[in-house]
Amino acid sequence: MNIVSLSEEVKKALESGLPVLALESSILAQGMPYPQSLIFAKKAEGLCRDSNVVPATIAIIKGVIHVGLNEGRLDSICKNTYVKKISRRELGIAISKKWTGSTTVSSTLQIAFKVGIKVFATGGIGGVHKNVNETFDISQDIKALSELPLIVITAGPKAILDIEKTMQAIETNGITALGYKVDELPAFYSRNSNVFGLEKVKNIKEIIEIYLRNIELKVPSSILVSNPVPYNYEIPHRDIKDIIKKACKEAENQKIKNKELTPYLLNRIVELTNGKSLNTNIELALNNIALGIRILNKMAKK
Ligand code: PSU
Ligand code: MN
């Protein structure tokens, strides 16, 4: 039995070398409430199709990895009644045990790489958690990004993380980290973090050239492209820092940790900002998808 099933559309596009953009599903199942998750997913896919890019949303349904979801599957993943959050280390388990699950950045990267997709757009990546000294909690996203050579577009590490330590982890793990028109690491809801260290690129051409050189040299890491949230949707750090602190404190008091921590914090921040952070999350992800589309279309012309 095939453990990876490509939708007709994705299969055709990959066979004929047409642009395909990988999209993750944990952002839908755990990162956003329903029905906003589904509205976002449809918008994201529409944005791709409008520019002749095939969207490949990845998820696991009853032990089969689907690359490209039909409407029914997309809806059930977004509704998330029994959808597990599946990271890269759990892929084999999910298949053997016939789980239904969403894929995080680490597992989406693995599957996209396996089927030959070159570009992946997400919201925010995982990284080093604030109380890492006690918990040792560093997202598998970092390890996967250091081992799989795709172009990954993100609006920065999620603001719930220790941004400075995440930048250091990116560096230590040998991830090629570019900033699209910036050298400061954006922090998901906010454009600024006061943490520098990205190599600034002015345009898409530079991103593609760096990607091609890394591939030639067999550098194993992704090209991580940080693309700050658009100005009109950003929540500046000073407006969100107390809310993040409060959410982190609550998680600690309730002993929420490991893979439950990120979804808990994101959802709690949506409540504490009366939905404002959800809107920002949606817009930054769409902005990343738009950049991914432009990269793919430029690559196709080369
Ligand atoms: N970005 C979002 N919302 C999310 C996530 C990222 O805007 O829900 C998910 C991604 O799938 C990412 C995961 O890979 O959170 C990281 O979880 P953890 O910190 O447990 O590794
Ligand atoms: Mn973690």
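For ligands, and for the atoms within them, numbers begin at 1 and follow the listed sequence. Model, not experiment: these values are computed from the prediction.
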Does any N or O atom in [X] lie less than 3.5 angstrom from one in ligand 1, N or O only?
X	answer
T122	no
N258	no
T103	no
Q30	no
T262	yes
N281	yes

Legend entry - ligand 1 contact by M32, heavy-atom criterion under 4.0 angstrom: no
Legend entry - Value rounded to 0.5 Å, distance of OG in S37 from CG in L28: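 Atom-to-atom, S37:OG and L28:CG are 6.0 Å apart.
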Inset, instruction - Tell me which one of G124, A155, G123 gets a heavy atom nearest to atom 1 (N) of ligand 1. - result: G124
Legend entry - Within reach of ligand 1, part of L266 (heavy-atom separation under 4.0 Å):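 Only the side chain of L266 comes within reach of ligand 1.
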Legend entry - Sidechain N-carboxylate O distance under 4.0 Å for K246, E250: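 Judged by the 4.0 Å cut-off on N to carboxylate O distance, K246 and E250 do form a salt bridge.
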Inset, instruction - Decide, yes or no, whether a salt bridge links K12 with E15 under the criterion of side-chain N to carboxylate O below 4.0 Å. - result: no
Legend entry - Atoms in ligand 1 with a heavy atom of D141 nearer than 4.0 Å: 12 (C), 14 (O), 16 (C)
